[in-house]
Amino acid sequence: MSYAHIIVLQQDLYAVVQINRPEVLNALNVTLMHELVDALESLDTSPEVRCIIITGNEKAFAAGADIKEMAEASSMEMLQRDQFARWDRIRKIRKPLIAAVSGFALGGGCELVMTCDLVVASETALFGQPEINIGVMPGAGGTQRLTRAVGKVKAMEMILTGRMISAAEALQWGLINKVVPVEYYLEEAKSWASEIASKPPIAVRLAKESVLKAFDTTIEGGLEFERKNFYLLFSSEDQKEGMSAFSQKRKPEWKAK
Ligand code: HXC
């Protein structure tokens, strides 16, 4: 796979997708988003990959959508570009997505982080929804996902003031999972990816699907969905293997079946 604005590396049973427009702090232009979605969808169907890391560089995960690219657009052009359809496709990736964040994660960059399932950050990471400062507002899920992640008043604070928050605050607010020194953030994300890649893939997939269901259903509907996925796993070979390995006091060997 060869792309202009991202680099895809596959190692062991996970992949690292690196956003690579360092000259503009990894601003997310239309081509980059097209490439990102293409790479994620292709990795999602690869049996060699069980978990995907999205990262940037030490200075920026992504400083938002490319402001210069959209500055002169009209509403109708924005509508016709339909760029958010791509973001919906990221939401539909079935394998776990880990954001490994250092430096700026702003606007669409912060929204991309929130589209991931787990977030490991460096001590230097900064998160924010600064769109208000350029006359707009979050458009790729920020008002919804941030509010669900940190609650109404903190989401209002970030979105209405446009202020950035530190990695330590983001951790305290429940936006991210872990903060480590800058030299280790990618290694830490890789170690999480390896751990998840060592789990039975079908159970991982159905567990991710069930947790995400909590965001768009009632508790009743969500419990029903969870139960059916739980029952479904009893027709997987990995469930039989996992439970017999437990009884036989040995390490399970997953077949992803
Ligand atoms: C285009 C960007 C950019 C962006 C930075 N650059 N962010 N270009 N779009 N979002 C470019 C700058 O123009 C500059 O290019 C180079 O990257 C380095 O940036 P500087 O501003 O010189 O760096 P610094 O002084 O360190 O300031 C860093 C910063 C600032 C605080 C992150 O760049 C900034 O405020 N960026 C915009 C952040 C933002 O508003 N994001 C939200 C975008 S709207 P040159 O050519 O001058 O060297 C959005 C909507 C999402 O995301 C909707 C869904 C997709």
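If you read the sequence from its start, that first residue is 1, and numbering goes on from there. The figures that follow rest on heavy atoms only: side chains count, while hydrogens, waters and symmetry mates do not. Counting starts at 1 for both ligands and their atoms, in listed order.
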Yes or no, since that's all I need: does a protein heavy atom fall within a distance strictly under 4.0 Å of [atom]?
atom	answer
atom 24 (P) of ligand 1	no
atom 21 (O) of ligand 1	no
atom 54 (C) of ligand 1	yes
atom 49 (C) of ligand 1	yes
atom 6 (N) of ligand 1	yes
atom 17 (O) of ligand 1	yes
atom 36 (N) of ligand 1	no

Between Ile54 and the options Thr115, Ile98, Leu40, the side-chain contact (heavy atoms from CB on, under 4.5 Å) test singles out Leu40
Of Val17, Asn20, Asp38, the one forming a side-chain contact (heavy atoms from CB on, under 4.5 Å) with Tyr3 is Asp38
Exercise for review: May I ask you to test the Val204-Arg50 pair for a side-chain heavy-atom distance under 4.5 Å?
Suggested key: no
Could you tell me if the side chain of Met164 sits less than 4.5 Å from the side chain of Leu106, heavy atoms only? yes
(request) Inspect the surroundings of CD in Gln248 and state if more than 12 heavy atoms from other residues, nucleotides or ligands are less than 6.0 Å away. (result) yes
For Lys59, does the NZ atom have more than 12 heavy-atom neighbours from other residues, nucleotides or ligands under 6.0 Å away?
-> no
[X] heavy atoms, cut-off 4.0 Å: which ligand 1 atoms fall inside?
X	result
Gly64	52 (O)
Ala140	54 (C)
Phe84	54 (C), 55 (C)

Start with the C-alpha distance between Met33 and Leu36, add both sets of side-chain angles, then the distance that settles side chain to side chain contact (heavy atoms under 4.5 Å, CB included), and finish with yes or no. CA-CA 5 Å; Met33 287 307 299; Leu36 181 62; 4.2 Å; yes
Report the distance from atom [atom1] of [X] to atom [atom2] of [Y], rounding to the nearest 0.5 Å.
X	Y	atom1	atom2	value
Cys116	Ile176	SG	CD1	12.5 Å
Asn26	Ile19	CG	CD1	5.5 Å
Glu111	Phe127	CD	CZ	13.5 Å

Less than 4.0 Å is my threshold; does some heavy atom of [X] fall inside it relative to ligand 1?
X	result
Glu69	no
Glu23	yes
Met70	yes

Taking distance alone, with N or O pairs closer than 3.5 Å, would you say [X] contacts ligand 1?
X	value
Lys68	yes
Pro130	no
Phe104	no
Ala65	yes
Gly108	yes

Verify the distance criterion only: is there a donor paired with an acceptor across the side chains of Trp192 and Glu188 at less than 3.5 Å?
yes
For [atom], closest protein heavy-atom neighbour:
atom	result
atom 38 (C) of ligand 1	Ala63 O, 3.4 Å
atom 30 (C) of ligand 1	Leu25 CD1, 4.6 Å
atom 9 (N) of ligand 1	Ile67 N, 2.9 Å
atom 34 (C) of ligand 1	Leu106 CD1, 4.9 Å
atom 11 (C) of ligand 1	Val24 CA, 3.8 Å

With heavy atoms and a 4.0 Å threshold, my read on which part of Ala27 contacts ligand 1 is side chain
Honestly, for Leu28 the part within reach of ligand 1 (heavy atoms, under 4.0 Å) is neither
Thinking salt bridges, do [X] and [Y] make one under a 4.0 Å N-O criterion?
X	Y	answer
Lys228	Glu224	yes
Glu41	Arg89	yes
Arg94	Glu209	no

For Asn229 and Ser210, the nearest pair of non-hydrogen atoms, with its separation, is ND2-OG, 2.9 Å
